[in-house]
Amino acid sequence: MALVLLVEDDHAVRTAMTGALRDAGHVVQPVGTALDALRTVTDDHVDLVVLDLGLPDLDGFEALRLLRGVSDVPVIIATARTDEPTIVRLLNAGADDYVTKPFSSEHLSARVGAVLRRARSVPPEADQPIRVGPLVVDGERREARLGDELLTLTRREFDLLAYLAARSGKVVSKSELCREVWRQPNLHLDQTIDVHLSWLRRKLGETAADPRFLHTVRGVGVKLIDPCGTSSSA
């Protein structure tokens, strides 16, 4: 069973959503404020967050930003806003999916189930560790090591690194990363991908100006290469 954190300030809506998710077999922790949500994510092992944008203490975008600062837990946004710029902004800010109010219990349960399946899935290339020079990516353990150092990566950073490592030496387009790593259509996620690549570079001890592993091919995409010239399964 998954632990779902439901962040909704309207008592009637919160009660109905809680009942629907429990009927679907999930354990639900309902809270009414962004600050309560942050405390819960920090203290408990939450599998997924359903986050309402209209909270009394913090703007929903700010709440999402703060959640992303402490956890890479999947987040589904519940919003009455339907304009594309808002949806794009939410996805770029780190949301994994969204549902538009009003929605049915079945719709919410289906979205939650789909995001949980994506979060728990192991990519096919994760069957055995992949070595790219001094970098070893172990998909089964979800660990990456650079030499003797265990890298501290978020879920999304690991998925991105594993995907690129499995295609070492090949240029991967951003649209492919949107589709295969973010599991989203290409809704202007270029900036989001660039941010995650920047975080990965920092943890790999390099910069965009002085790359070792991650090389940008301008106008095409990015490729991960072995700085020592050898790649293999470990």
Side-chain angles (χ1 to χ4, degrees), residues 1-83 86-123 141-142 152-159 181-185 187 189 192 196:
M1 292 185 293
L3 173 56
V4 177
L5 174 62
L6 173 61
V7 192
E8 168 63 63
D9 66 313
D10 186 295
H11 177 73
V13 174
R14 186 168 67 242
T15 300
M17 292 172 67
T18 298
L21 291 171
R22 286 175 176 165
D23 287 345
H26 305 299
V27 177
V28 184
Q29 175 63 57
V31 298
T33 68
L35 293 180
D36 284 338
L38 288 168
R39 293 190 193 98
T40 304
V41 166
T42 302
D43 295 339
D44 298 329
H45 179 71
V46 175
D47 295 298
L48 183 140
V49 177
V50 178
L51 176 65
D52 177 49
L53 286 188
L55 298 173
D57 54 341
L58 285 176
D59 173 77
F61 285 100
E62 179 66 11
L64 177 60
R65 187 186 69 80
L66 291 175
L67 280 172
R68 277 289 163 259
V70 299
S71 174
D72 62 349
V73 61
V75 176
I76 297 177
I77 298 295
T79 177
R81 307 175 197 178
T82 58
D83 58 293
T86 295
I87 299 305
V88 168
R89 185 182 170 199
L90 287 167
L91 294 172
N92 282 337
D96 292 83
D97 202 351
Y98 67 94
V99 287
T100 304
K101 294 180 177 181
F103 47 79
S104 67
S105 299
E106 292 79 8
H107 188 172
L108 175 63
S109 297
R111 290 295 183 109
V112 167
V115 172
L116 285 171
R117 285 193 298 274
R118 292 202 300 265
R120 292 167 173 169
S121 65
V122 178
R141 295 185 178 183
R142 293 190 65 82
T152 302
L153 303 176
T154 66
R155 175 177 59 88
R156 189 76 78 187
E157 288 169 353
F158 180 86
D159 289 345
V181 178
W182 269 260
R183 303 296 177 128
Q184 296 284 349
L187 292 177
L189 290 181
T192 298
H196 281 77

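Positions are given from 1, in the same order as the sequence printed here.
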query = Do D159 and R142 have side-chain heavy atoms sitting under 4.5 Å apart?
reply = yes
Student check: side-chain heavy atoms of T154 and E157 closer than 4.5 Å = yes
inquiry  = Holding to salt bridge (Lys or Arg N to Asp or Glu O under 4.0 Å), I want the full list of residues that pass it with R14, two or more places apart in sequence or in another chain.
reply    = none
message = Run the side-chain contact (heavy atoms from CB on, under 4.5 Å) test against S105 and tell me which residues pass, sequence neighbours left out.
response = A20
inquiry  = According to side chain to side chain donor-acceptor pair (under 3.5 Å), who are the partners of D23, at least two apart in sequence or on a separate chain?
reply    = none
When the side chains of residues 69-82 are checked against the rest of the protein, which donor-acceptor pairs come out under 3.5 Å, sequence neighbours left out?
from : atom 1 : to   : atom 2 : distance (Å)
S71  : OG     : V73  : N      : 3.0
D72  : OD2    : R155 : N      : 2.0
T79  : OG1    : R81  : N      : 2.9

task = Taking all non-hydrogen atoms of both residues into account, name the closest pair between L5 and A37 and its distance.
result = CD2-O, 3.7 Å
key: Interatomic distance, T18 atom OG1 to H26 atom NE2 [nearest 0.5 angstrom]   = 12.0 Å
message = Under the rule for side-chain contact (heavy atoms from CB on, under 4.5 Å), what residues qualify as partners of D36, not counting sequence neighbours?
response = V31, T33, R39
query = Excluding sequence neighbours, so at least two apart, what forms ring-ring contact (aromatic ring centres under 6.0 Å, His included) with H196?
reply = W182, W199
ask   = T192 and R156: side chain to side chain contact (heavy atoms under 4.5 Å, CB included), yes or no, with the steps?
value = CA-CA 11 Å; T192 298; R156 189 76 78 187; over 6 Å; no
task = Mind checking salt bridge (Lys or Arg N to Asp or Glu O under 4.0 Å) for R22 and listing every partner two or more places apart, or none if nothing turns up?
result = none
task = Scan for salt bridge (charged side-chain N to carboxylate O under 4.0 Å, His left out) pairs involving residues 52-61, sequence neighbours excluded, and state none if there are none.
result = D52-K101
query = Which atom names give the shortest non-hydrogen contact between A2 and L116, and what distance separates them?
reply = CB-CD1, 3.6 Å
Min side-chain heavy-atom separation Q29-V4 under 4.5 Å = no
request  = To the nearest 0.5 angstrom, please state how far the CG atom of L67 sits from the OG1 atom of T40.
outcome  = 10.0 Å
task = Apply side chain to side chain contact (heavy atoms under 4.5 Å, CB included) to H11 and V13, showing your working.
result = CA-CA 6 Å; H11 177 73; V13 174; over 6 Å; no
key: Partners meeting side chain to side chain donor-acceptor pair (under 3.5 Å) with R111 (sequence neighbours left out)   = D97, H107
ask   = Considering residues at least two apart in sequence or located in another chain, which fulfil the side chain to side chain donor-acceptor pair (under 3.5 Å) criterion with T100?
value = none
query = Going by heavy atoms in the side chains, are V46 and V49 under 4.5 Å from each other?
reply = yes
message = Quick one, F61 and T86 - any side-chain contact, counting heavy atoms below 4.5 Å?
response = yes
query = Which heavy-atom pair separates A93 from L64 by the least distance, and what is that distance?
reply = CB-CD2, 3.6 Å
ask   = Yes or no on side chain to side chain contact (heavy atoms under 4.5 Å, CB included) for L108 and M17, after CA distance, side-chain angles and deciding distance?
value = CA-CA 8 Å; L108 175 63; M17 292 172 67; 3.9 Å; yes
key: Residue pair L38 / L35, side-chain heavy-atom distance below 4.5 Å   = yes
request  = Mind checking side-chain contact (heavy atoms from CB on, under 4.5 Å) for A16 and listing every partner two or more places apart, or none if nothing turns up?
outcome  = none
ask   = What heavy-atom pair brings L48 and V112 nearest, and what distance separates the two atoms?
value = CD1-O, 4.0 Å
